[in-house]
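A short write-up of the structure that comes next.
All of these numbers come straight from a predicted model, not from anything done at the bench. Every chain is numbered from 1, with letters handed out A, B, ... down the list of sequences.
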There are 2 protein chains.
Amino acid sequence: MSRVLNEGSGPVAPETRLRVLASIKSLHYRPHAAARELKTQSTSTIGLVVADVANEFFGQLADRVVRAARAHDLGVLLLTTQEDAVLESDSVKMLMDKRVGGIIAAPTGRNSGVWRQVTDMGVHLVFVDRTVTRVPAADIVGVDNQAAGYAATDHLIEHGHRRIAIISGPLAISTGSERVAGYRRAIQDQGLDDDDRLIFEADFRDPRGSAAVDRMLALEDPPTALVVSNTARAAAVAARLGERDVSIPEDLSLVVFHDATWAALAKPGITVIRHPMGEIADRAVDQLAKRMTEDWPERGEVIRLTSELVSRGSVATPKRGR
Amino acid sequence: MSRVLNEGSGPVAPETRLRVLASIKSLHYRPHAAARELKTQSTSTIGLVVADVANEFFGQLADRVVRAARAHDLGVLLLTTQEDAVLESDSVKMLMDKRVGGIIAAPTGRNSGVWRQVTDMGVHLVFVDRTVTRVPAADIVGVDNQAAGYAATDHLIEHGHRRIAIISGPLAISTGSERVAGYRRAIQDQGLDDDDRLIFEADFRDPRGSAAVDRMLALEDPPTALVVSNTARAAAVAARLGERDVSIPEDLSLVVFHDATWAALAKPGITVIRHPMGEIADRAVDQLAKRMTEDWPERGEVIRLTSELVSRGSVATPKRGR
DNA sequence: TTGTAAGCGTTATCAA
DNA sequence: TTGATAACGCTTACAA
């Protein structure tokens, strides 16, 4: 009987409750989630849309999202975009058909319209890590990327570097442009040369991802330090640097976004910008869970967490001369 | 109208089909998945149960499973066990309530009964990477772990090592015991000393994961080579080895299971056993999709794929003397 | 306190 | 070829 499962939904005699409970046990009865959803017009599943869980960054994020969701009794439907706009909108379509209660997404950036539709149709949306414009109802949970870009660059400047390059993700993506903005601001604040040729935009899916390294090394006046703010390509960049026999930090100081396993294990250890992955995921899920119970919000909320620069051995004073 | 969506389900005039299609467009109609499921008693979602997608191994697996599932128009509900038996059975419970069409799982090994119930209730089950006993109806997709353990050990023997240690995952898990069995067989085939003190069983969740390293190093007659068949702890082991100033391969030759990013990037590169992650995922999903359309099988099928030893710089001839 | 019936959005059956 | 109707398994409102 329904009243014993959803306690509080009506009166039920203690004795009959036990009788019902007994039958449930003996018959191995389990409520049919789809039927319940159909009747109550509510779901206990949310969607998670990220680029690629093979990438440790999103893997960690997804792991924590799943864990946090469980605490709210929410299932997580995982969809990946592989940074492809078509896969992204297909993913959204599937989630809408399944009538998820909300979506946590790291958008590719090329689908504002699709995301806008999501909120227009009354499905709650929380962007994590990245954002897109023109989706006012979406909540945003992420770090202050501009500050992080600034911190990474400033850290290198403090060590005496004057020519600092950055390998960014696509500037069309919020994290890309924000981090580069922070980088630029740091360069300008210190009165350094703001040289556009030191800014490399590497596509997330660039098979070699390292073309940028070659172009950088080919510069007539190559940099003495590098910020890799493109998390997805960072390992490829490091690999290419190794192939090209660039030694770190002697030839090049290095700061990388995201504290991946390889960064801590490399010799020397790589100085990184560390994101509070657990907190990002927890806040995103909490926010979504809150939205799913409360009434529809006026505008989305922006939750900015702080990243941290973890200093290891990949940054040193630049060699003199050259 | 239903007949135009599910084409072939009934006759429909070409003209009315167009009219219906037009309304669908204009009203932004999307079929309600839950209602359809309720009626047809079928689902378009499968469950994926792995330990932990923050781990690159399962991250890669999950990524490919999601991609392959999409090709079959299947959604993936992701649940993680964190290697915890309780979380595992909770996960299964949720998946059963949601009436998924099937489950792909890397079981913790401590829940045979739960998995048995899954198949008993008519839900298709494909084990990936690992297995548990007593679930005859489950399909299994994985590599030949015993052969892999043998190959890793034999590779070290061929390089002249006589004392070879192994840090395994829990022996209660199929991969753990199989890999150790392969290791043992290689040791015995070559007439080497089969010393139990060289076999270390490190729990997947061991916070330091490196206690085994310390114990190994404390041996009066320490090994000259090490196989780390515990993928989840391999990075921690490498980190501890570094802290203890063990240089590779001079002091210790190393072979690790799973070709993680850090293994390729380390200097020297780490020799690894590489699993065909993509193929494992693809076969698992294909198998599940096949089961979901066909009739219930007699017994599960076992699909054994082959792993590959990728030689890099972490294996050398042992130093003389000692 | 308990039983009954309607209805959620589909698909399938049966008449028209 | 099409329209009406029952049923999937649940929740909920209302009657007993």
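For R19(B) and dT1(D), the CZ to P distance is 14 Å, given to the nearest whole Å. Atom-to-atom, NZ of K98(A) to C1' of dT10(C) comes out at 14 Å; the value is rounded to the nearest Å. Atom-to-atom, CD1 of I24(A) to C1' of dC10(D) comes out at 13 Å; the value is rounded to the nearest Å.
Within the structure, salt bridge (charged side-chain N to carboxylate O under 4.0 Å, His left out) contacts touching residues 31-41 of chain A (residues at least two apart or in different chains) do not occur. Within the structure, ring pair (Phe, Tyr, Trp, His ring centres under 6.0 Å) contacts touching residues 20-40 of chain A (residues at least two apart or in different chains) do not occur. Sorted by first then second residue, the ring pair (Phe, Tyr, Trp, His ring centres under 6.0 Å) pairs that include residues 36-84 of chain B, not counting sequence neighbours, are F57(B)-H258(B), F57(B)-H275(B).
Contacts of R99(B) with the nucleic acid, taken as non-hydrogen atoms under 4.0 Å apart, are absent. Residue contacts shown for R17(A) are absent, as no nucleic acid heavy atom lies under 4.0 Å away.
Residues of residues 31-43 of chain B having a heavy atom closer than 4.0 Å to DNA chain D, listed by number: L38(B), K39(B), Q41(B).
Considering only residues two or more places apart in sequence or on other chains, A85(B) meets the side-chain contact (heavy atoms from CB on, under 4.5 Å) condition with R110(B), N111(B). T81(A) pairs by the side-chain contact (heavy atoms from CB on, under 4.5 Å) definition with V49(A), A51(A), E88(A), T108(A), not counting sequence neighbours. Scanning for side-chain hydrogen bond (donor to acceptor under 3.5 Å, both in side chains) contacts around Q117(B) gives an empty result, with sequence neighbours left out. For R116(B), the side-chain hydrogen bond (donor to acceptor under 3.5 Å, both in side chains) test picks out D120(B), with sequence neighbours left out.
For Y29(B), counting side-chain heavy atoms from C-beta on, the closest listed nucleotide (dT2(D), dT2(C), dT10(C)) is dT10(C).
Axis angle, first five pairs versus last five pairs of the helix from dG3(C)-dC14(D) to dA16(C)-dT1(D): 50°, rounded to 10°.
Taking both residues in full, the closest heavy atoms of G75(A) and L77(B) are given as C-CD2, 3.9 Å, listed atom of the first, atom of the second, then distance.
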